[in-house]
Amino acid sequence: PEDHPNIATTYGRLAAVYFGMKNYDQTFNYADKTVKQLRKKANPDAQELAANLFLAGISLQSQEKHADAVVYFDECAAAHLSIRIVDQIS
């Protein structure tokens with residue numbers, strides 16, 4: 001079901017498989033689903049979120065949808081920044 005706690009991880013793995021197959025439309029589809037599921041969590045894993053934002057962005061860039069890719073890359077950078085801040089204060 002869509003609300004299963006591990007569905008985001010499954011979607012992320014599917015995104016990675018489709019990326020390896022160079023099926024960028026399906027890569028984006030599953031990476032975006034992963035991001036949406038992670039955002040539903042109270043404390044999503046920042047690294048998983050950043051990785052899937054990057055996958056979504058790179059899949060859009062591979063389809064020459066550069067303006068859309070920038071949005072995902074910007075969000076990926078913000079997620080990475082939050083990881084670095086948490087690491088510094090830990």
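Numbers here simply count residues along the sequence, with the first being 1.
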May I ask you to decide if Ala15's main-chain N or O and Gln26's side chain share a donor-acceptor pair within less than 3.5 Å?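 Absent.
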State whether the side chain of Asp45 and the backbone N or O of Glu48 hold a donor-acceptor pair below 3.5 Å, judged by distance alone.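 Side chain of Asp45 to backbone of Glu48, a donor-acceptor pair under 3.5 Å: yes, one is there.
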When you group the ILVMFWY residues by side-chain heavy-atom contacts below 4.5 Å and let the links chain together, are Leu60 and Phe19 in the same group?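 No, Phe19 does not connect to Leu60 through the hydrophobic network.
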With side chains defined as the heavy atoms from C-beta onward, is the minimum distance between [X] and [Y] less than 4.5 Å?
X	Y	result
Tyr72	Phe54	no
Phe73	Gln61	yes
Asn23	Asp25	yes

Closest heavy-atom pair and its distance - [X], [Y]:
X	Y	value
Ala79	Leu53	CB-CD1, 4.4 Å
Ala50	Cys76	O-SG, 3.4 Å
Ala56	Ser59	O-OG, 2.8 Å

Residue pair Arg13, Val17: steps toward the side-chain contact (heavy atoms from CB on, under 4.5 Å) verdict: CA-CA 6 Å; Arg13 289 179 180 160; Val17 168; 5.6 Å; no
[X] [atom1] to [Y] [atom2] distance, which is reported to the nearest 0.5 Å:
X	Y	atom1	atom2	value
Asn52	Lys33	CG	NZ	13.0 Å
Lys40	Ile7	NZ	CD1	10.0 Å
Lys22	Thr27	NZ	OG1	11.5 Å
Leu38	Thr9	CG	OG1	7.0 Å

When Tyr11 is tested against each of Tyr30, Tyr18, Phe28 for ring pair (Phe, Tyr, Trp, His ring centres under 6.0 Å), which residue passes?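 Single pass found, and it is Tyr30.
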